[in-house]
Novice: 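Pasting a structure below so you can have a look.
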Amino acid sequence: MRALTWHGRRDVRVETVPDPVLKEPTDVIVRVTSTGICGSDLHLYEVMGPYLDAGDILGHEPMGIVEEIGSGVTELAVGDRVVVPFNVSCGDCFMCDAGLHSQCETTQNREQGTGASLFGYTKLYGQVPGGQAELLRVPFGNTLPIKVPEGPPDDRFVYLSDVLPTAWQAVEYAAIPPGGTVTVLGLGPIGAMAARIALHRGASLVVGVDLVPERLSRASRDGVKALDLRRYGKDIGEAVRELTKGRGTDAVIDAVGMEAHGAPLVKAAQWGVGMLPDAVGAKVMGKVGVDRLGALYAAIDIVRRGGTISLSGVYGGAADPLPLLTMFDKQLQLRMGQANVKRWVDDILPLLTDEDPLGVDGFATHHLSLEEGPKAYETFQAKEDSMIKTLLRP
């Protein structure tokens, strides 16, 4: 089969690799029909090299058709249409029963000290082959895949793999009071969808912050009060307070994470860690703060006293400095974590209708072939060609 594979910083390639095979009775093989490129894939493209090997298959946002099932699969049949959550979760353990599928005890990576395995996402999370490929082996065939109906285009359902549940959890964790206010930092795919969900769920004001004109324009069309970081810079907190009687918003969603704008010295440190031999680089990343924290510091400034910060952007440093005195003084709540995909599916599926209240049918800005994947990574990383969300068609 053809698959998009990692070979180094800013070096991804589409290669012919062996087809996946069934390994367990409850495995299924899915022929991928659509697969997204995620903002967190750019962390692999740029920063996370110490945890990758040449040839690793990337991608964690796939959907497709069941091609083959193991002898123990009773809930799916060949030909079924499914979305594959990015969490590799069993659905039956203590954590899954608690709705914490990203902490699944069956696939936890205890030797790494991390949670559940993820498709296409480094040795930290199981080094499981990803979904930017023609075929994908999916374990836990009775509980993990999300069966979806025939008829509507893939764009209607593919975001159940990551974008929709991640954005939904970001809003849920933000604990926006009825008719309350929220600032969303970063209007990439997750931030843009979180803003739409917050509006759908009744927020009276959603402020969106970014520095990419196309993202700001699209958010404005969605009903978001868009603020251009290039204009406000370090005064972004004051700009938000001017909109909220001097208080700041009830909640802030950080949808940026470790690759925040600015902090050139920390950016250089990220690159330097990536240049180290894998064993050394992994130790440095595991013990040192190597994140650009501009978005998180902005969130702490922007949120009102007694408010909530919801982190959906990925951070990778183990010792990042936080302004705990300010956080304590402002009496902030902080919630974070990988999205628990299956936890939110029942809330989201009823919204994936012809009425399309979240605008999923037109959410992708680019539809490309799998063979165009390397160029898509390059374009997405450079924020060029008005690219916000890309779906690849294997």
Side-chain angles (χ1 to χ4, degrees), residues 1-21 28-49 51-68 79 81-86 118-122 127-138 145 148 152-163 188-190 212 214 274 360-394:
M1 69 170 183
R2 301 288 281 171
L4 196 148
T5 59
W6 183 92
H7 287 273
R9 180 184 290 112
R10 297 189 181 181
D11 183 4
V12 296
R13 310 171 191 173
V14 178
E15 300 180 308
T16 299
V17 301
D19 289 358
V21 297
V28 301
I29 303 296
V30 173
R31 174 171 54 83
V32 177
T33 55
S34 291
T35 184
I37 299 177
C38 179
S40 61
D41 287 330
L42 295 183
H43 302 327
L44 312 185
Y45 194 62
E46 286 279 345
V47 179
M48 302 294 286
Y51 297 109
L52 290 156
D53 289 331
D56 281 355
I57 300 173
L58 304 182
H60 57 269
E61 298 186 351
M63 71 172 292
I65 307 298
V66 175
E67 286 272 290
E68 188 177 357
R81 189 186 193 196
V82 296
V83 178
V84 182
F86 75 90
L118 310 176
F119 286 103
Y121 215 80
T122 80
Q127 207 168 21
V128 181
Q132 289 170 1
E134 292 180 321
L135 297 167
L136 177 67
R137 181 183 76 89
V138 181
V148 296
D154 281 6
D155 292 48
R156 179 77 56 88
F157 302 112
V158 67
Y159 305 116
L160 282 170
S161 60
D162 182 353
V163 172
I190 301 302
V212 180
E214 294 84 359
V360 295
D361 287 353
F363 191 66
T365 56
H366 292 69
H367 294 84
L368 301 171
S369 70
L370 181 66
E371 300 295 329
E372 296 173 284
K375 179 62 177 176
Y377 267 78
E378 180 182 349
T379 302
F380 190 27
Q381 191 277 333
K383 298 180 175 66
E384 295 175 344
D385 194 30
S386 301
M387 183 178 283
I388 298 175
K389 186 62 183 178
T390 295
L391 295 179
L392 302 177
R393 310 290 201 199

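This is a predicted model, so every value here is computed, not measured.
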Novice: Please check if the side chain of Glu68 supplies one atom and the backbone of Ile29 the other of a donor-acceptor pair under 3.5 Å.
Specialist: no
Novice: For Arg137 and Val21, which heavy atoms make the closest approach, and how far apart are they?
Specialist: CD-O, 3.0 Å
Novice: Measure the shortest side-chain to side-chain distance between Asp154 and Arg81 over non-hydrogen atoms and say whether it is less than 4.5 angstrom.
Specialist: yes
Novice: Go through it in stages, so that I can follow the logic: the residues are Glu15 and Arg2, the test is salt bridge (charged side-chain N to carboxylate O under 4.0 Å, His left out), and I'd like the CA-CA distance, side-chain angles, deciding distance and then a yes or no.
Specialist: CA-CA 5 Å; Glu15 300 180 308; Arg2 301 288 281 171; over 6 Å; no
Novice: Is Thr35 reaching over with its side chain to a backbone N or O of Gly131, donor-acceptor style, under 3.5 angstrom?
Specialist: yes
Novice: Between Phe86 and His60, does the ring centroid distance fall short of 6.0 Å?
Specialist: yes
Novice: Check the pair Glu134, Arg393 against salt bridge (charged side-chain N to carboxylate O under 4.0 Å, His left out), reporting the backbone distance first and the verdict last.
Specialist: CA-CA 9 Å; Glu134 292 180 321; Arg393 310 290 201 199; over 6 Å; no
Novice: Are any non-hydrogen side-chain atoms of Val158 and Val83 less than 4.5 angstrom apart?
Specialist: no
Novice: Please determine if Glu46 and Arg10 form a salt bridge, counting it only when a charged side-chain N lies under 4.0 Å from a carboxylate O.
Specialist: yes
Novice: For residues Leu58 and Thr5, determine if any side-chain heavy atom of one lies less than 4.5 Å from a side-chain heavy atom of the other.
Specialist: no
Novice: Can you name the closest pair of heavy atoms from Tyr121 and Ser40 and give their distance?
Specialist: OH-O, 2.9 Å
Novice: Considering non-hydrogen atoms only, spot the tightest contact between Leu370 and Pro394 and give its length.
Specialist: CB-CA, 3.8 Å
Novice: Find out whether Asp385 and His366 are in side-chain contact, i.e. whether some heavy atom of one side chain is under 4.5 Å from a heavy atom of the other.
Specialist: yes
Novice: Mind checking whether Met63 and Val82 have side chains closer than 4.5 Å, heavy atoms only?
Specialist: no
Novice: Give the minimum heavy-atom separation between Pro189 and Phe363, together with the two atoms involved.
Specialist: O-CZ, 3.4 Å
Novice: Rounded to the nearest 0.5 Å, how far does CG of Leu42 lie from NZ of Lys383?
Specialist: 7.5 Å
Novice: Determine whether the side chains of Gln132 and Tyr377 contain a donor N or O and an acceptor N or O closer than 3.5 Å.
Specialist: yes
Novice: Checking Trp6 side chain against Leu44 main chain: does a donor-acceptor pair fall under 3.5 Å?
Specialist: yes
Novice: Does the side-chain hydrogen bond (donor to acceptor under 3.5 Å, both in side chains) test come out yes or no for His7 and Asp56, once each step is laid out?
Specialist: CA-CA 8 Å; His7 287 273; Asp56 281 355; over 6 Å; no
Novice: Quick check against the 3.5 Å criterion: does Lys389 have a side-chain atom that pairs as donor or acceptor with the backbone of Gly36?
Specialist: no
Novice: Might you point out which heavy atoms bring Leu392 and Ser369 nearest each other, and give the distance in Å?
Specialist: CD2-O, 3.6 Å
Novice: Check for a donor-acceptor pair, side chain of Thr379 on one end and backbone N or O of Ala376 on the other, with a separation under 3.5 Å.
Specialist: no
Novice: Does any part of the side chain of Tyr45, heavy atoms only, come nearer than 4.5 Å to the side chain of Asp11, both counted from C-beta?
Specialist: no
Novice: Any side-chain heavy atom of Val32 sitting closer than 4.5 Å to one from Leu135?
Specialist: no
Novice: Enter the distance from Glu67:CD to Asp19:CG here, rounded to the nearest 0.5 Å.
Specialist: 10.0 Å
Novice: Any side-chain heavy-atom pair from Leu136 and Phe119 closer than 4.5 angstrom?
Specialist: yes
Novice: Ignoring hydrogens and angles, tell me if any N or O in the side chain of Ser161 forms a donor-acceptor pair with the backbone of Pro85 under 3.5 Å.
Specialist: no
Novice: Restricting to non-hydrogen atoms, name the atom on Ala3 and the atom on Val17 that form the minimum distance, rounded to 0.1 Å.
Specialist: CB-CG2, 3.8 Å
